[in-house]
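What follows is a short report on a single structure.
Whatever order the structure lists them in is the order used to number ligands and atoms, beginning at 1. Residue numbers run from 1 in the order of the sequence given. Below, all heavy atoms of this structure are taken into account, side chains as well, without hydrogens, waters or symmetry copies.
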Amino acid sequence: MQNLVDKAKHKHSLLKSEIVEILKDDSINDYLFKSADEIRKEFSGDEVHLRALIEFSNICRCDCKYCGIRRDNQKVERYRLEKDEILKLADFASSSGYKTIVLQSGEDMFFTADYLAEIITEIKKLDVALTLSIGERSYEEYKVLKEAGADRFLLRIETTDENLYKKMHPGMSLENRKRCLYDLKNLGYETGTGSLVGLPEQTIESLAEDILFYKELNADMIGIGPLIVHPETPLKDKKNGDLILAIKVLALTRLLLPDINIPATTAMETLHPQGRIMALKAGANVIMPNVTFEKCRKNYEIYPDKVSVDYSKLETDLKQIGRTISKKHGFRGNSDCPLT
Ligand code: 5AD
């Protein structure tokens, strides 16, 4: 089994059957995590990039079975920030030292591409990279946003299992999801995707396919998180995802895509107090603190008990594991500007 991990480490490639073998065998976990940590150090260094997350609208046209802000959840108080409020948050984040602003929302069509472009143009006057996480749009809309100055885009594939994808995402298709991701890549965005680990009926084989998909897309960023069951969703009686399995998927992703950016996701820390640190020691190099107004945060409840980042605790924790907070923009490969 160690040989398989070594192969991943040196060749950055594995067969599906090999990924499955590693995911199924927990005796190899420490070696896997240590190897991913070494590759992270070699390709991305010891800097951790912080991305300031602004959750600017929780209004969503989608009805994803697992998500707390799904369309059909009537218990959520919906909000939509004004342009000025978004700019104020971006300004605050930039003057606090953040070098990346992430604009995230539900699929809220009030924010047309043209309107978002105005916001992006303003934010790009600050010395920041700008990431969008606003869901599925057309090629033309993605193009307008890119031309306005957006640098990166996050759109998780969630699962590459076509049947499971259909079950979890009413009215949506895996095919269109992939179309979006390839459009984003072709338009020159640094493109991020990733999976939810622990969806009901998800197989280890399909997680292996997910990892191979990241590689096929040549994703620039991968966000992996365990499912956290939300009580106001159709999945309310299901089990949470397995944190260790999620970290294994993360570690394998690091081995196969050595120079990409990988966040230690909030969902990991929500499941376990050490979850974020465990991820940082198994291949992750990014953290995404939320800078949204306190009054909105409680309504952006994708899953329950979402934790926030305590900045001074974070600094101490990072120091303890030999890591520093980056002052760079943190493009792929720890670079300060995007690859062209
Ligand atoms: N538990 C964990 N992660 C979730 N997401 C949505 N709902 C949940 C949940 N219940 C993740 C999805 C989405 C990202 C923004 O949040 O993967 O892409």
Side-chain angles (χ1 to χ4, degrees), residues 51 53-73 75-76 102-108 131-137 152-161 164-165 167-170 172 174 176-178 180-181 184 191-200 202 206-207 210 213-214 219 221-243 245-247 249-250 253 262-272 275-276 279 286-290 292 296-297 299-308:
R51 321 295 201 194
L53 181 65
I54 301 177
E55 294 161 338
F56 65 92
S57 165
N58 69 352
I59 297 173
C60 194
R61 63 175 172 177
C62 302
D63 214 20
C64 309
K65 294 271 172 68
Y66 44 79
C67 183
I69 61 166
R70 63 200 301 270
R71 185 183 65 218
D72 276 5
N73 182 4
K75 298 223 169 129
V76 191
V102 183
L103 295 182
Q104 186 172 80
S105 68
E107 291 204 5
D108 180 357
T131 307
L132 293 172
S133 176
I134 57 166
E136 298 184 4
R137 300 271 176 142
R152 312 184 186 131
F153 203 105
L154 305 175
L155 183 73
R156 287 189 181 169
I157 193 82
E158 316 291 0
T159 174
T160 54
D161 175 331
L164 182 57
Y165 190 92
K167 278 193 198 165
M168 291 293 118
H169 308 102
M172 298 170 76
L174 183 61
N176 194 48
R177 198 74 165 179
K178 288 189 177 171
C180 289
L181 286 165
L184 291 164
T191 305
T193 188
S195 309
L196 266 171
V197 173
L199 289 169
Q202 185 179 46
S206 83
L207 286 172
D210 292 1
F213 172 72
Y214 310 155
M221 308 172 279
I222 292 294
I224 290 153
L227 171 76
I228 300 177
V229 167
H230 192 293
E232 298 298 335
T233 64
L235 299 193
K236 63 176 186 292
D237 298 323
K238 304 289 181 194
K239 284 199 321 226
N240 283 339
D242 177 347
L243 176 66
L245 181 59
I247 298 179
V249 174
L250 187 162
T253 302
I262 304 184
T265 53
T266 307
M268 290 183 172
E269 184 161 317
T270 300
L271 273 194
H272 188 288
R276 213 190 291 266
V286 169
I287 293 179
M288 299 170 67
N290 191 332
T292 317
C296 300
R297 271 190 221 185
N299 293 319
Y300 205 91
E301 199 188 63
I302 301 174
Y303 48 82
D305 305 321
K306 220 167 115 206
V307 294
S308 345

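The shortest N/O to N/O separation between Y66 and ligand 1 falls below 3.5 Å. Considering backbone and side-chain N/O atoms, I228 comes within less than 3.5 Å of an N/O atom of ligand 1.
If you look at C64 next to ligand 1, there are no close heavy atoms at all, none under 4.0 Å. For I302, heavy-atom contacts with ligand 1 shorter than 4.0 Å involve the backbone as well as the side chain.
Between Y165 and I157, the closest heavy-atom pair is CE1-O, 3.3 Å. The nearest pair of heavy atoms linking G198 to Q202 is N-OE1, 2.6 Å. In plain terms, the two heavy atoms of H230 and I302 that are nearest each other are CD2-O, 3.6 Å.
Among all non-hydrogen protein atoms, the one lying nearest atom 3 (N) of ligand 1 is L196 CD2, 3.3 Å. In terms of protein heavy-atom proximity, atom 18 (O) of ligand 1 is closest to E158 OE2, 2.6 Å.
Of the listed residues (K65, K238, R70), just one forms a side-chain contact (heavy atoms from CB on, under 4.5 Å) with T233, and that residue is R70.
With rounding to the nearest 0.5 angstrom, the SG atom of C67 is 9.0 Å from the NE2 atom of H169. Between the CD1 atom in I262 and the CD1 atom in I224 there is a gap of 6.5 Å [rounded to 0.5 Å]. Between atom CZ of residue R137 and atom SG of residue C180 there is a gap of 10.5 Å, rounded to the nearest 0.5 Å.
Against a heavy-atom cut-off of under 4.0 Å, R156 is close to the following atoms of ligand 1: 11 (C), 12 (C), 14 (C), 17 (O), 18 (O). Taking every heavy atom of C67 and a limit of under 4.0 angstrom, the matching atoms of ligand 1 come to 7 (N). Of all atoms in ligand 1, numbered sequentially from 1 with element shown, those under 4.0 Å from a heavy atom of Y303 are 1 (N), 2 (C), 3 (N), 4 (C), 8 (C), 9 (C), 10 (N).
Heavy-atom separations between P226 and ligand 1 include at least one value shorter than 4.0 Å.
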